[in-house]
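Please read through the structure below; I'll follow up with questions.
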Amino acid sequence: MPMIETRDGTRLYAKSWGDGPPVVLIHGWPLSGDSWDPVSNVLADEGFRAIAYDRRGFGRSDQPSGGYDYDTFADDLADVMAAMGASDNTALVGFSMGGGEIARYMSRYGGRGVSRVALVSSVVPYMLKTDDNPDGVPQSTFDEMTDGMLEDRAKFFTSFFRDFYGVGMLSRPVSDETLKLSWSTAMQAGLRPTLLSAKAFATTDFREDLPSLRVPTLVIHGTSDATVPIEATGRAVAKAVPHATLIEYDGEPHGVFATQTERLTKDLLDFVSGRPAETMPQEVIDTLTAQTIVAPTV
């Protein structure tokens, strides 16, 4: 079943590897479900059914004019789960903007069929810097991204992925081929979906969705993530969701699925298998706990 038709007629490319408890993996902007392939391959070998799909507008999925908002993204996720038979004991894993689909699905659908969730380098709970979210990213940064894509999208993504993977003068955590593959995947997406999806993850406030994360929740985030800063996202989730487990990848950038593939795969496999995760040092947890944050109620 490579193509799934959603409730508004948009067709999404999906693939399923392996047999066993379902794990639905949701990719980040501006990539495709293929970014999860190394993790999906191991999950399939270890007795899970790994399901990955291309978000509307990206990869091999349709590129409709609209529907690039998180209510629709969550509906798409629900439609994929239904079509793929992932209706019970399902783990959801979301990278970057994919974490938003999970948060909105959990509140919009009451977490139906979901047994646990993992947020990897996720934009949840809120990316935009505001008076009540001082650690967020300034609107001017997102405006510059939009201007760059409109002026020369190909050039913009060349520099974007260097930051995404933490590539610098002395640091080369991924190969040139990985950079080229990511660029090619990004250019496969439509301009309009790319712009509207960026607006969605930049401006959607998921803080009221957090109380819906009532299942075991794993948060993985690199401490040097320049694309989605950890303080406003991963650490904020850890402080707001009492039962969340936060694993910080020290010194790692945004694209940990490529820079720390083996470690991420092990952490996710342990989590979906119900094995204890390697958590943060206790002194770090104590520091986070001392910094009280009140999550809005739904």
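We number each residue from 1, following the sequence as shown.
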Donor-acceptor under 3.5 Å (Asn133 side chain, Tyr126 main chain):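 Side chain of Asn133 to backbone of Tyr126, a donor-acceptor pair under 3.5 Å: yes, one is there.
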I'd like to know if the side chain of Ser122 and the backbone of Val124 have a donor-acceptor N/O pair within less than 3.5 Å.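 At least one qualifying donor-acceptor pair exists.
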Joint cluster assignment, Leu196 & Met97, ILVMFWY side-chain distance < 4.5 Å: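 Cluster IDs for Leu196 and Met97 match.
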In terms of side-chain heavy atoms, does Ser61 have a donor or acceptor partner in Arg11 at a distance below 3.5 Å?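 Short answer, no.
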Partners passing side-chain hydrogen bond (donor to acceptor under 3.5 Å, both in side chains) against Thr217 (at least two apart in sequence or in another chain):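 None.
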Shared hydrophobic cluster for Ile247 and Leu268 (ILVMFWY, side-chain gaps under 4.5 Å):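 In one cluster: yes.
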Shortest non-hydrogen contact from Ser224 to Gly251?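 Heavy-atom minimum between the residues: OG-CA, 3.3 Å.
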Count I, L, V, M, F, W, Y as connected when their side-chain heavy atoms are under 4.5 Å apart, and connections chain through other members. Are Val241 and Ile230 then in the same cluster?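 As far as the 4.5 Å side-chain criterion goes, Ile230 and Val241 are not connected within one cluster.
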ILVMFWY network linking Leu195 to Phe142, side-chain heavy atoms under 4.5 angstrom: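 Yes, one cluster joins them.
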Quick check for you: to the nearest 0.5 Å, what is the distance between Leu218 atom CG and Arg116 atom CZ?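 So the CG of Leu218 and the CZ of Arg116 are separated by 9.5 Å.
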Any side-chain to backbone donor/acceptor pair from Ser121 onto Ser96? Under 3.5 Å, distance only.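 No; judged by distance alone, with no hydrogens or angles, the pair does not exist.
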Would you mind checking if Asp75 and Arg108 are paired as a salt bridge, meaning a charged N to carboxylate O distance below 4.0 Å?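 Looking at Arg108 and Asp75, the cut-off is met.
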Can you name the closest pair of heavy atoms from Arg104 and Asp205 and give their distance?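 In this case the closest contact between Arg104 and Asp205 is NH2-O, 3.9 Å.
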Determine whether the side chains of Ser175 and Thr178 contain a donor N or O and an acceptor N or O closer than 3.5 Å.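 Their side chains do contain a donor-acceptor pair, which is all the 3.5 Å distance test asks for.
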With no hydrogens and no angle check, is any side-chain donor or acceptor of Thr261 less than 3.5 Å from a backbone partner on Phe257?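 Indeed, once roles are kept as given, a pair shorter than 3.5 Å links the two residues.
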Check: Val167 main-chain N/O paired with Ser171 side-chain donor or acceptor under 3.5 Å: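 Between the backbone of Val167 and the side chain of Ser171 there is no qualifying donor-acceptor contact (under 3.5 Å).
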Under the rule for ring pair (Phe, Tyr, Trp, His ring centres under 6.0 Å), what residues qualify as partners of Phe161, not counting sequence neighbours?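 Applying ring pair (Phe, Tyr, Trp, His ring centres under 6.0 Å) to Phe161 gives Phe157, Phe164.
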Would you say the side-chain atoms of Asp225 pair up with the backbone N or O of Thr227, donor to acceptor, closer than 3.5 Å?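 A pair under 3.5 Å: yes.
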Which heavy atom in Val123 sits nearest to a heavy atom in Gly100, and how many Å separate them?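 Heavy atoms of Val123 and Gly100 come nearest at CG2-N, 4.4 Å.
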Do Leu269 and Arg275 come within less than 4.5 Å of each other through their side chains, counting heavy atoms only?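 They are in side-chain contact.
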Establish whether Leu31 and Leu181 are linked, either directly or via other cluster members, by ILVMFWY side-chain heavy-atom contacts under 4.5 Å.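 Leu31 does not cluster with Leu181.
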Distance-only side-chain donor-acceptor flag, Asp69 / Thr72, under 3.5 Å: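 Yes - a donor-acceptor pair under 3.5 Å links their side chains.
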Less than 4.5 Å apart, any side-chain heavy atom of Pro2 and any of Lys15?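 With C-beta onward as the side chain, the pair stays apart.
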Report yes if the side chains of Val93 and Val24 come closer than 4.5 Å at any heavy-atom pair, otherwise no.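 Contact flag for Val93/Val24 side chains = no.
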I want to check something: taking the side chain as every heavy atom from C-beta on, are Ile51 and Arg49 in contact at a cut-off of under 4.5 Å?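 Heavy-atom side-chain distance check passes, below 4.5 Å.
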For Arg60, what residues pass the side chain to side chain contact (heavy atoms under 4.5 Å, CB included) criterion, not counting sequence neighbours?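 Result, side chain to side chain contact (heavy atoms under 4.5 Å, CB included) vs Arg60: Tyr13, Ser32, Asp34, Asp54, Gln188.
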My understanding is that only residues two or more places apart in sequence, or in another chain, count here; which of them pass side-chain hydrogen bond (donor to acceptor under 3.5 Å, both in side chains) with Thr130?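 Result, side-chain hydrogen bond (donor to acceptor under 3.5 Å, both in side chains) vs Thr130: Asp132.
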With sequence neighbours excluded, what pairs up with Asp88 under the side chain to side chain contact (heavy atoms under 4.5 Å, CB included) test?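 Partners of Asp88 by the side chain to side chain contact (heavy atoms under 4.5 Å, CB included) criterion come out as none, since no residue qualifies.
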Can you measure from CG (Asp152) to CG (Asp147) and round to the nearest 0.5 angstrom?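 Atom-to-atom, Asp152:CG and Asp147:CG are 13.0 Å apart.
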Any idea which heavy atoms bring Leu246 and Gly234 closest together, and the distance?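 Where Leu246 meets Gly234 most closely, the heavy atoms are CD1-O, 4.1 Å.
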Heavy atoms, side chains only, cut-off 4.5 Å: are Val256 and Val120 in contact?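 With C-beta onward as the side chain, the pair touches.
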How long is the gap from CD1 on Ile102 to CG on Leu77, to the nearest 0.5 Å?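 Reported to 0.5 Å precision, the distance equals 7.5 Å.
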Minimum-distance pair of heavy atoms, taken over all atoms of Ala91 and Ser115: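 Result for this residue pair: N-OG, 4.1 Å.
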Could you walk me through whether Met187 and Arg153 pass the side-chain contact (heavy atoms from CB on, under 4.5 Å) check? CA-CA 8 Å; Met187 297 305 294; Arg153 183 162 59 119; 4.1 Å; yes
Roughly how far, to the nearest 0.5 Å, is the CG atom of Leu264 from the CD1 atom of Ile220?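 That separation rounds to 5.0 Å.
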Hey, what do you get for CG (Leu43) to OG (Ser273), rounding to the nearest 0.5 Å?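 Rounded to the nearest 0.5 Å, the CG-OG separation comes to 8.0 Å.
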Are any of the side-chain heavy atoms of Val215 and Val117 separated by less than 4.5 Å?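 Yes. Closest side-chain heavy atoms under 4.5 Å.
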What residues form a side chain to side chain contact (heavy atoms under 4.5 Å, CB included) with Thr6, not counting sequence neighbours?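 Per chain and number, Thr6 pairs via side chain to side chain contact (heavy atoms under 4.5 Å, CB included) with Asp8, Thr10, Leu12, Arg56, Asp76, Asp79.
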Regarding Thr259 and Glu252, do their side chains bring together a donor and an acceptor under 3.5 Å, going by distance alone?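 Side-chain D/A pair, Thr259 to Glu252: present.
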Is there a side-chain contact between Thr233 and Met127 in this structure, where contact means two heavy atoms from C-beta onward sitting under 4.5 Å apart?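 Contact flag for Thr233/Met127 side chains = yes.
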Answer yes or no: is there a donor N or O on one side and an acceptor on the other, between the side chain of Asp250 and the main chain of Thr223, under 3.5 Å?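 No, because the side chain of Asp250 does not come within donor-acceptor range (under 3.5 Å) of the backbone of Thr223.
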Contacts of type ring pair (Phe, Tyr, Trp, His ring centres under 6.0 Å), residue His27, not counting sequence neighbours: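 None.
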Is His221 reaching over with its side chain to a backbone N or O of Val228, donor-acceptor style, under 3.5 angstrom?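 Yes.
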I need the minimum non-hydrogen distance between Val174 and Tyr165, along with the two atoms involved.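 Shortest heavy-atom contact: CG2-CB, 3.7 Å.
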I'd like to know if the side chain of Thr90 reaches the main chain of Ala86, judged simply by a donor and an acceptor atom lying under 3.5 Å from each other, with no hydrogens or angles considered.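 Between the backbone of Ala86 and the side chain of Thr90 there is a qualifying donor-acceptor contact (under 3.5 Å).
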Phe48: ring pair (Phe, Tyr, Trp, His ring centres under 6.0 Å) partners, not counting sequence neighbours: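 Ring pair (Phe, Tyr, Trp, His ring centres under 6.0 Å) check on Phe48 returns nothing, list empty.
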So do Asp163 and Pro253 actually touch side chain to side chain, heavy atoms under 4.5 Å?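 A side-chain contact under 4.5 Å is absent here.
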Return each pair, listed once, that meets ring-ring contact (aromatic ring centres under 6.0 Å, His included) where at least one residue sits in residues 187-213; pairs must be two or more places apart or across chains.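 Passing the test, one end in residues 187-213: Trp29-Phe201, Tyr70-Phe206.
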Listed by chain and number, what are the ring pair (Phe, Tyr, Trp, His ring centres under 6.0 Å) partners of Phe156, not counting sequence neighbours?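 Only Phe160 meet the ring pair (Phe, Tyr, Trp, His ring centres under 6.0 Å) criterion with Phe156.
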Any residue meeting side chain to side chain contact (heavy atoms under 4.5 Å, CB included) with Arg112, in chain and number order, not counting sequence neighbours: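 For Arg112, the residues satisfying side chain to side chain contact (heavy atoms under 4.5 Å, CB included) (neighbours in sequence not counted) are Tyr105, Tyr109.
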Within 45° of the ring axis of Phe73 and under 6.0 Å from its six-membered ring centre, is that where the NZ or CZ of Arg55 lies?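 Yes, a cation-pi geometry holds between Arg55 and Phe73.
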Any donor-acceptor N/O pair, Trp183 side chain to Ala154 backbone, under 3.5 Å: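 Pair found, side chain donor or acceptor close to backbone of Ala154.
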Charged N-O contact under 4.0 Å between Lys266 and Asp270: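 Yes, charged N to carboxylate O under 4.0 Å.
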Which pairs pass ring-ring contact (aromatic ring centres under 6.0 Å, His included) with one or both residues in residues 226-253, sequence neighbours excluded?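 Checked against ring-ring contact (aromatic ring centres under 6.0 Å, His included) - neighbours excluded - no pair reaches residues 226-253.
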About how many Å separate CG of Asp143 and CE of Met145, when rounded to the nearest 0.5 Å?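 It comes to 10.5 Å.
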